[in-house]
Number of protein chains: 2
Amino acid sequence: MKTTTIKDIARALNMSTSTVSRALRDSYEINPATKKLILDYAEKMHYSPNPIALSLKESRSKSIGVIVPEIANNFFSQTINGIEAVAAEYGYHVVIFQSHESYEKEVINTQHLVSRRVDGLLVSLSSLTTDTRHFEELVERGLPVVFFDRIPKNIRTFKIIADNFLGSYQATEHLLEMGCRKIAHVTSPSWLSITKERLGGYQQALEKFGVPFQENYIKYCEHGGMVTDEIETAVQQLLDLPAPPDAIFTASDRITTGCMSYLRRQKLRIPEDIALVGFTNIAVADLLDPPLTAVTQPAFEMGQLATELLLSLIQNPEQEITNEIQCLKTTLTVRASSVQQATWRPS
Amino acid sequence: MKTTTIKDIARALNMSTSTVSRALRDSYEINPATKKLILDYAEKMHYSPNPIALSLKESRSKSIGVIVPEIANNFFSQTINGIEAVAAEYGYHVVIFQSHESYEKEVINTQHLVSRRVDGLLVSLSSLTTDTRHFEELVERGLPVVFFDRIPKNIRTFKIIADNFLGSYQATEHLLEMGCRKIAHVTSPSWLSITKERLGGYQQALEKFGVPFQENYIKYCEHGGMVTDEIETAVQQLLDLPAPPDAIFTASDRITTGCMSYLRRQKLRIPEDIALVGFTNIAVADLLDPPLTAVTQPAFEMGQLATELLLSLIQNPEQEITNEIQCLKTTLTVRASSVQQATWRPS
DNA sequence: ATGAAAGCGCTAACAC
DNA sequence: GTGTTAGCGCTTTCAT
């Protein structure tokens, strides 16, 4: 598509490109009459500055890269909404890549984005990422990077997370208050930050209630639930225990729905046979059978905050990183999946 | 972040930039020894070509723009997956904008993407778009544009849709076979292509069964369900009819869940009091209460196909547009929301 | 086999 | 108030 350039305008109006450039940027040095002439002509020709030329000149792309495990996921698509909202406001555009929970894809995505010359990076680690040197190196080379949700240890930069510990504590406490004592936890891989944080909250709640922690009630899904099989195996192993759980606390969108689906296929009644609470942002929690008790994260706000920090880092890369980790509150919404009809009345 | 340029390499190795450039592109004219020297040094310095410089030179950005109503939506996030898969394969990156079902935002997004110099555009119209001149003009100016799902009339370019007519026909036929005779249809605004196509299939099924079409069983949601209120008003109006419907056929993710949620709050039993079938790609249809009968679109494939056509158009803008509209098959999955227990047995 | 120079679109330092 | 020029990183034509 042929587009008008400053040069075209200059030639048509018989002046130099710098005059045109200055007029378009509304410089005070340009004669108002000339300015009007140029502006009118530019308007007429649909002139719009070429951002690529500008990027080249100013060696910045005005774009930020985002790497998430997957887009088709309530939590991440909500986060992306927040990211886009802030980015757009500051004139940045957003290039999104998916790791599909694969370490290799994450590394390749990173290389792509760097070679694309994004001005900064927003990352939530894939479930199979244990080695984060590909990011460390970038941070050392001075590229602004902000992590959210699944964050690395030992990389000194901003990180935004939900209060996974407290969210998980509250969910577990709720199950305990409902009378459950054999609470299983089906979660993401053990090495992920969110896994550790959530496991911590779970343990602390147990402790408060004097319920001993049992290792075999914890099941890790390596692929974060991307592989249906791993969820079903985990749940079946739980059901096969000598003392099968009376409740399951699940740690992500996919694990939660996968788990619920499997329990139903096994004809287990929720919550009568087994209670269920999910750490999930699924949109239709109250339309499920039964309505699902859920801990939700402020996904949109997390995306916003992460982007604001990234942009501030882009504008001032030398700034001191205080408040390295910021924690946003989760919300526990109690629904029927964790509450025996007899004992429960809506508040 | 300081990156290595061809110039840096040239200076370091004491040769000209053209030699370096040629070596990096593996030109036959370069002495193998020199070539190796350059390649090794480039490797060592993490050289990667600056795509911005390339874009400027070749006046193409190797990026495509996508405008969808919203990302946090099963259908569109699945489509985007398909888009990204194909784009990545061809070395293109994808810039996504959301219209949030607003005509004004759609126009602004379009301008943004054009001024960003995307090489092509992939669009699904917002529910409030009745005037498509902003796209017509681009197509006339020679920008490759491909539409999917919600497509305009009278713009001569490729369009990908699901077989909305047949999908809708089958859904309605199924309800009729289940014995429903008062079938309401809650759908998107009347002017959208998908609305017309789906209404057409609905009508044809009624006709086949000799059931008269009743205008007051059709409810349009102007904002495509983005506003919860419009859905609830629509459903309530249906329930208030002298002969309230015995079934509702809903036309999108949001309308479907909004409708289901309202019916439940009104303590209507599905399907005993009223059957429900949704034209929706919601992931957890079988976990809902009751499991939801749904017509699903091949969203991923639609994204793939649309992108392939767009890229072909980018590579050859002058090509003749044959097969202007391509139609992919939908799938009807029957679940409990449309089937009385007594009469139904799982196949 | 290698180098010099122009040009992609734009800005800004430096003339005049 | 306006023009000339160099340069952002890269490719490519035209020398040599």
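Below, chains carry the letters A, B, ... as their sequence lines are ordered, and counting in each starts from 1. These figures come from a predicted structure and were not determined experimentally.
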Using whole Å, report how far [atom1] of [X] lies from [atom2] of [N].
| X | N | atom1 | atom2 | value |
| --- | --- | --- | --- | --- |
| B:Glu58 | D:dC10 | CD | C1' | 9 Å |
| B:Asp26 | C:dA1 | CG | P | 13 Å |
| B:Arg11 | D:dG7 | CZ | P | 12 Å |
| A:Glu29 | C:dA12 | CD | P | 11 Å |
| B:Ile9 | D:dC10 | CD1 | P | 8 Å |
| B:Ile52 | D:dG9 | CD1 | P | 10 Å |
| A:Asn50 | C:dT11 | CG | C1' | 13 Å |
| B:Ile6 | D:dT12 | CD1 | P | 11 Å |

### Query
If we ignore angles and hydrogens, is there a donor and acceptor under 3.5 Å between the side chains of B:Glu324 and B:Thr157?
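Checked: B:Glu324/B:Thr157 side chains show no N/O donor-acceptor pair below 3.5 Å.
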
Pull out every protein N or O sitting under 3.5 Å from an N or O of nucleotides 3-7 of chain C, one pair per line with the distance.
residue : atom : partner : partner atom : Å
C:dG3   : OP2  : B:Ser16 : N            : 3.0
C:dG3   : OP2  : B:Ser16 : OG           : 3.2
C:dG3   : OP2  : B:Thr19 : OG1          : 2.4
C:dG3   : N7   : B:Arg22 : NH2          : 2.8
C:dG3   : O6   : B:Arg22 : NH1          : 3.1
C:dG3   : O6   : B:Arg22 : NH2          : 2.7
C:dA4   : N7   : B:Ser18 : OG           : 3.4
C:dA4   : N6   : B:Ser18 : OG           : 3.2
C:dG7   : N2   : B:Lys57 : NZ           : 3.2

Between [options], which nucleotide gets closest to the side-chain atoms of [X]?
| X | options | answer |
| --- | --- | --- |
| B:Leu54 | C:dT2, D:dT11, D:dG9 | D:dT11 |
| B:Thr34 | C:dT2, D:dT2, D:dC10 | C:dT2 |
| A:Leu56 | D:dC8, C:dC10, D:dT11 | D:dC8 |

Next item on the list: Assign the ring pair A:Phe75 / A:Phe148 to parallel, tilted or perpendicular, where the plane angle (0 to 90°) is split at 30° and 60°.
Entry: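 Answer is tilted, since the angle falls between 30° and 60°.
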
Exercise. Taking it one step at a time, do A:Ser21 and A:Ser18 satisfy side chain to side chain donor-acceptor pair (under 3.5 Å)?
Worked result: CA-CA 5 Å; A:Ser21 171; A:Ser18 40; over 6 Å; no

Evaluate whether atom NZ of B:Lys44 has more than 12 neighbouring non-hydrogen atoms of other residues, nucleotides or ligands under 6.0 angstrom away.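 It does not: B:Lys44 NZ has 12 such atoms or fewer within range.
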
Margin query: Within the supplied structure, the quantity of interest is the number of heavy atoms (other residues, nucleotides, ligands) at a distance under 6.0 Å from A:Glu29 CD; does it exceed 12?
Written below: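 Correct, the count exceeds 12.
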
Open item on the list: What verdict does the side chain to side chain donor-acceptor pair (under 3.5 Å) test give for B:Ser99 and B:Ser102, after you've listed the backbone C-alpha separation in whole Å, the side-chain angles of each residue and the deciding distance to 0.1 Å?
Closed with: CA-CA 5 Å; B:Ser99 64; B:Ser102 147; over 6 Å; no

### Query
Under 4.0 Å: is that the gap between some side-chain N or O of A:Ser21 and OP1 or OP2 of C:dG9?
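Indeed not, no polar side-chain atom of A:Ser21 lies that close.
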
- Task: May I ask you to evaluate whether B:Tyr47 reaches the phosphate of D:dC10, defined as a side-chain N or O under 4.0 Å from OP1 or OP2?
- Result: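 Looking at the OP1 and OP2 atoms of D:dC10, one of them is under 4.0 Å from a side-chain N or O of B:Tyr47.
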
